Every structure is written in structure tokens, then in C-alpha cells.
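To start, the structure itself, in C-alpha cells.
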Amino acid sequence: MKPSDFTTDDLADLYRHGEPRPKSKVPHPVQAKARRGLDALADATKPEDLNMPGYDFQDHGDEQYSIGGGNGRRFRFRWDDDHPTDITFV
């Protein structure tokens, strides 16, 4: 994944540096689980690779998917050829 795959700098920093920016929109209590989710997204070669226990994978149709991110939050993303893109944390 590359920084342009993320919709916010907070997510890009969490992925690249292992920690978000100060005053991040990624709440501290979910940062560890969010980091694991980002690692899983980076390792996936197809959306179905994320359909494993603990990730609550959902296919929303039209190449849009989501996985759990902790405390009721989710990573939503689109799939582009061989990697996720337009990654948001909602």
C-alpha cells in the first residue's frame, strides 16, 4: 500500500510509522487493533484473504469491502487490481 491509498494522513502515518499523528482521529484504545487491520490489508492479495476470524469481513458489493477495526469502528476500502485503496476508518 502507498500513502495515496488512504483517505487521511492519520491512517497513512499509522501504517507507515506504527503510530498516528498527535491528536489523531484514530482513538488510542483501538490503535493496536487498527495497526493489525492495516497489516492485514497490506498482506492481502485479494479481498477474500481478509475473510478470517477476528476481522468481520463484509462485502458491500461494487468492489467495496470492510473489516472490523475495534470498538465498533471499521476500515472501509475499495479493491483495485491487487491491493486495497480509498481506505477509510469509520
Side-chain angles (χ1 to χ4, degrees):
M1 292 186 303
K2 54 190 182 293
S4 61
D5 292 327
F6 299 95
T7 59
T8 68
D9 290 336
D10 291 332
L11 287 178
D13 285 347
L14 183 60
Y15 174 67
R16 286 185 296 179
H17 306 296
E19 58 186 51
R21 297 170 175 232
K23 299 184 180 180
S24 171
K25 292 182 180 165
V26 180
H28 183 70
V30 299
Q31 287 175 7
K33 180 157 184 168
R35 177 68 190 165
R36 288 191 300 273
L38 289 171
D39 288 342
L41 285 169
D43 293 341
T45 59
K46 59 186 180 297
E48 293 76 17
D49 290 348
L50 299 161
N51 192 8
M52 55 188 166
Y55 287 96
D56 189 25
F57 174 78
Q58 294 180 5
D59 182 344
H60 301 282
D62 197 29
E63 298 296 316
Q64 296 184 40
Y65 307 91
S66 67
I67 59 171
N71 287 0
R73 310 275 310 256
R74 300 193 65 76
F75 286 104
R76 291 193 64 124
F77 56 96
R78 297 181 61 82
W79 200 263
D80 183 27
D81 295 324
D82 61 351
H83 69 281
T85 190
D86 297 332
I87 302 165
T88 60
F89 192 60
V90 294

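Just so we're clear, the structure is a prediction, and the values are computed from it rather than from any experiment. By convention here, the first residue in the shown sequence is residue 1.
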Looking at every heavy atom in both [X] and [Y], which two are closest together, and how far apart are they?
{"X": "Gly54", "Y": "Lys33", "result": "O-NZ, 3.4 Å"}
{"X": "Gly37", "Y": "Tyr55", "result": "CA-CE2, 4.0 Å"}
{"X": "Val30", "Y": "Gly69", "result": "CB-O, 3.9 Å"}
{"X": "His60", "Y": "Ser66", "result": "NE2-OG, 2.8 Å"}
{"X": "Leu11", "Y": "Ile87", "result": "CD1-O, 3.6 Å"}
{"X": "Pro84", "Y": "Asp5", "result": "O-CG, 3.6 Å"}

Using salt bridge (charged side-chain N to carboxylate O under 4.0 Å, His left out) as the criterion, list what pairs up with Asp13, not counting sequence neighbours.
->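 If we apply the salt bridge (charged side-chain N to carboxylate O under 4.0 Å, His left out) test to Asp13, skipping adjacent residues, the hits are Arg16, Arg21.
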Nearest 0.5 Å, what's the [atom1]-[atom2] distance between [X] and [Y]?
{"X": "Leu50", "Y": "Asp43", "atom1": "CG", "atom2": "CG", "result": "9.0 Å"}
{"X": "Asp80", "Y": "His83", "atom1": "CG", "atom2": "NE2", "result": "5.0 Å"}
{"X": "Asp86", "Y": "Phe6", "atom1": "CG", "atom2": "CZ", "result": "11.5 Å"}
{"X": "Thr88", "Y": "Arg73", "atom1": "OG1", "atom2": "CZ", "result": "10.0 Å"}

Set of residues satisfying side-chain contact (heavy atoms from CB on, under 4.5 Å) with respect to Asp49, sequence neighbours excluded |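 Expected list: Ala44, Thr45, Lys46.
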With sequence neighbours left out, what residues match Asp81 under side-chain contact (heavy atoms from CB on, under 4.5 Å)?
->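 Testing Asp81 for side-chain contact (heavy atoms from CB on, under 4.5 Å), a comparison that skips the adjacent residues, returns none.
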Apply ring-ring contact (aromatic ring centres under 6.0 Å, His included) to Phe77 and list each qualifying residue two or more places apart in sequence or on a separate chain.
->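 In terms of ring-ring contact (aromatic ring centres under 6.0 Å, His included), with neighbours along the sequence ignored, Phe77 is linked to Tyr65.
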Considering only heavy atoms from C-beta outward, does the side chain of Phe89 approach that of Asp10 to under 4.5 Å?
->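 No, too far: nothing below the 4.5 Å cut-off.
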Do any pairs count as a salt bridge (charged side-chain N to carboxylate O under 4.0 Å, His left out) and have a residue in residues 55-72, sequence neighbours left out, and if so which ones?
->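 Checked against salt bridge (charged side-chain N to carboxylate O under 4.0 Å, His left out) - neighbours excluded - the pairs reaching residues 55-72 are Asp56-Arg74.
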Who are the side chain to side chain donor-acceptor pair (under 3.5 Å) partners of Arg35, not counting sequence neighbours?
->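 If we apply the side chain to side chain donor-acceptor pair (under 3.5 Å) test to Arg35, skipping adjacent residues, the hits are Asp39.
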